[in-house]
2 protein chains.
Amino acid sequence: MQISSPELTIAPFLFNHQSVLENLPPTENEALLEFSERKEFPNSAVLFKEGQFPKGAYLLLSGIVRIDATSPQGQRQVIYFYAPGDWMGYRQLLNNQPLPIAATAIGQVETLFIPAPAFEELLRSQRYFARNLLEALSLEFTVWINRLTTFTKLPVRERLAICLLILRDRFSYLNPPVKYLICSRADLADFIGATNETTVRTLSSFRDNGWLTSRGKKITILDPDALASLVGSVSKD
Amino acid sequence: MQISSPELTIAPFLFNHQSVLENLPPTENEALLEFSERKEFPNSAVLFKEGQFPKGAYLLLSGIVRIDATSPQGQRQVIYFYAPGDWMGYRQLLNNQPLPIAATAIGQVETLFIPAPAFEELLRSQRYFARNLLEALSLEFTVWINRLTTFTKLPVRERLAICLLILRDRFSYLNPPVKYLICSRADLADFIGATNETTVRTLSSFRDNGWLTSRGKKITILDPDALASLVGSVSKD
DNA sequence: CGTGTAATTGACTCAACTCAATCCCCGTGG
DNA sequence: CCACGGGGATTGAGTTGAGTCAATTACACG
């Protein structure tokens, strides 16, 4: 018996930052809004760069944000695609380190920006907020383990399937919702840790299977269940 | 110009949990000790198992602890080797999740165990402790990124070199200090994400280079600098 | 001093990479 | 509205690092 849906397939790879604002007393919610400001970004805008010290934390309100890290040798690794409800750039605020990652807007993006001093103040004075943040961070542990295991043990085919399902999920939160996703082959490749060519070839094979169509950067997932069961089939003993 | 020492090579892969107890006011330190109890484990003892709910948090006082995760398909991934000063099992305490990992003693191990209710109480009442924990968790982010990039972009040879240098570091904290490290090929392989055979072959090649000697599980690193520069040489443009 | 588990070696295979060429989308300017 | 140019996407051919399967050897422990 094989249980695998697109939702179950991607769940192990997603942070759960939405919980940071859950069960927040009204006073803390107000404090948060009081200290914050709205910031918008056009497509491809850079929210923050690798190596910078963070100026504040971002709460993503709408749109998608890509996070990547580039090694000294110029190797790029796409780390994550953030969706509305996710917090960004706050970790290094907590420990005064330069950002190890860059954040780039995919399409139009709206955020709530909390400047560093305000964030510190919230953390000091707002008990539930601090606690929720601690929980959110501790939950990430499992996500990283899953990500590691995926890279180590799954072949490119499965990794790409997961990647596509994740992107499909992220794009589903857009308003208005879109039926396709937009992503360069290079971004796909750097997320799954494969070369451009291998990624293209694997994508072609998915297309041949009738699981998706593509036109340039625009990819339409036709059969998410097929992708999920491709990954799920790894689970069958 | 190439800078690469064993220490610099492994730093990107190590948590910095020692900071959790730094700058703690005397009252908080006392509270911590009051609530905690000493627990010891013999070689190969299991501190906690995957799937269990955590009964408390462990602070490692002496010895080495191996952390691994096993996928539903039986694939094992070694996640980390903890050294004295590191905290274990506290993340799932914070979010009431079952442990995604198992912890096993490597050699004789001493820990300070803080039962769950006491840990919660400390967190609630001890402001600096909570804040330090938040910092420690946020610092892990960078470590995971580095781990990901390593797995994705570096060949087995480099991954094994890093693994050996990490183990060398962990074993250096033993009392009395030892000149060698003890680790099965399977553990090495599951840490670097390679097969047993590939790991053995790569190890043999290191031996042929005169960088180490081995006898069973006992591996003596003769030339850590050579291993470091092997990894470092990736950095040269 | 056997005996089972772990380590090692060999032969073969294959997934994924590299290098190189060609094609196609898409924005620009005439 | 269409030709043009450039970067991204695609395809092809050849190579190789790492995996699989199978056998042999070396420890470690009762």
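Every heavy atom of this structure was used, including side-chain atoms; hydrogens, water molecules and symmetry mates were not. All values reported here derive from a predicted model rather than from experimental measurement. Protein chains get the first letters and strands the later ones, always in sequence-line order, with residue 1 at the start of each.
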*Asks:* Specify the separation, in whole Å, of atom CG of A/L203 and atom C1' of D/dT10.
*Replies:*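 Taking CG of A/L203 and C1' of D/dT10, I get 11 Å after rounding.
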*Asks:* Check B/L154 against B/R159 and note the closest heavy-atom contact, atom names and distance.
*Replies:*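 Smallest heavy-atom distance, with atoms named: O-NH1, 2.8 Å.
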*Asks:* Nearest of D/dG19, C/dT9, D/dG12 to any side-chain atom of B/E197?
*Replies:*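 Of D/dG19, C/dT9, D/dG12, C/dT9 is nearest to the side chain of B/E197.
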*Asks:* Using a distance-only test with no angle check, is there a side-chain donor-acceptor pair under 3.5 angstrom linking B/Q77 and B/S71?
*Replies:*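 Checked: B/Q77/B/S71 side chains show no N/O donor-acceptor pair below 3.5 Å.
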*Asks:* Can you measure B/N43 atom CG to D/dC29 atom C1' for me and round it to whole angstrom units?
*Replies:*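 After rounding, the reported distance stands at 14 Å.
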*Asks:* Atom CG of B/D190 and atom P of C/dA7: how far apart are they, to the nearest Å?
*Replies:*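 Computing the B/D190:CG to C/dA7:P distance gives 11 Å.
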*Asks:* Of the nucleotides D/dT10, D/dA18, C/dT9, which one has an atom closest to the side chain of B/S204?
*Replies:*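 Nearest listed nucleotide: C/dT9.
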*Asks:* So does B/R201 pair up with B/D208, basic N to acidic O under 4.0 Å?
*Replies:*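 No.
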*Asks:* Could you tell me whether a side-chain N or O of B/N43 sits under 3.5 Å from a main-chain N or O of B/I106, the two making a donor and an acceptor?
*Replies:*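 Here the side-chain-to-backbone pair does not exist.
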*Asks:* Does B/D68 come within less than 4.0 Å of B/R66, counting only side-chain N to carboxylate O?
*Replies:*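 Looking at B/R66 together with B/D68, the answer is yes, because their closest N to O distance falls below 4.0 Å.
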*Asks:* Give the rounded distance in Å between these two atoms: NZ of B/K218 and P of C/dT8.
*Replies:*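 Distance, rounded to whole Å: 15 Å.
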*Asks:* Could you please name the option among D/dT20, D/dT10, C/dC25 that lies closest to any side-chain atom of A/R185?
*Replies:*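 Nearest to the side chain of A/R185 among the choices is D/dT10.
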*Asks:* Is any side-chain nitrogen or oxygen of A/T195 closer than 4.0 Å to OP1 or OP2 of C/dA16?
*Replies:*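 So the side-chain polar atoms of A/T195 never come under 4.0 Å of the phosphate oxygens OP1 or OP2 of C/dA16.
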*Asks:* Within this structure, what is the CZ-to-C1' distance between A/R201 and C/dT22, rounded to whole angstrom?
*Replies:*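 Atom-to-atom, A/R201 to C/dT22, this comes out as 13 Å.
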*Asks:* How long is the line joining NZ of A/K217 and P of D/dG7, in whole Å?
*Replies:*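 Distance check: A/K217 NZ to D/dG7 P gives 12 Å.
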*Asks:* Between C/dT9, D/dA18, D/dA9, which one does the side chain of B/V200 approach most closely?
*Replies:*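 Nearest nucleotide to the side chain: C/dT9.
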*Asks:* Could you tell me the separation between the CG atom of A/D187 and the P atom of D/dG7, rounded to a whole number of Å?
*Replies:*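 Checked: the CG to P distance equals 17 Å.
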*Asks:* According to a strict under-4.0 Å criterion, is A/T198 in side-chain N/O contact with OP1 or OP2 of C/dA15?
*Replies:*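 No, no such contact exists.
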*Asks:* How close or far is atom C1' of D/dA18 from atom CD1 of B/I192, stated in whole angstroms?
*Replies:*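 Checked: the CD1 to C1' distance equals 11 Å.
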*Asks:* Find which nucleotide of DNA chain C each of B/G216 and A/T199 is nearest to by heavy atoms, and output the residue with the more 5' nucleotide.
*Replies:*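 The residue closer to the strand's 5' end, by nearest nucleotide, is B/G216.
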*Asks:* Could you check whether B/R207 gets within reach of a base, just the sugar-phosphate, or nothing at all, counting any heavy atom under 4.0 Å?
*Replies:*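 Sugar-phosphate only.
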*Asks:* Is any side-chain nitrogen or oxygen of B/R157 closer than 4.0 Å to OP1 or OP2 of D/dA18?
*Replies:*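 No, no such contact exists.
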*Asks:* Which of these nucleotides, D/dC27, C/dA16, D/dA18, is closest to any side-chain atom of B/R215?
*Replies:*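 Of all the options, the side chain of B/R215 is nearest to D/dC27.
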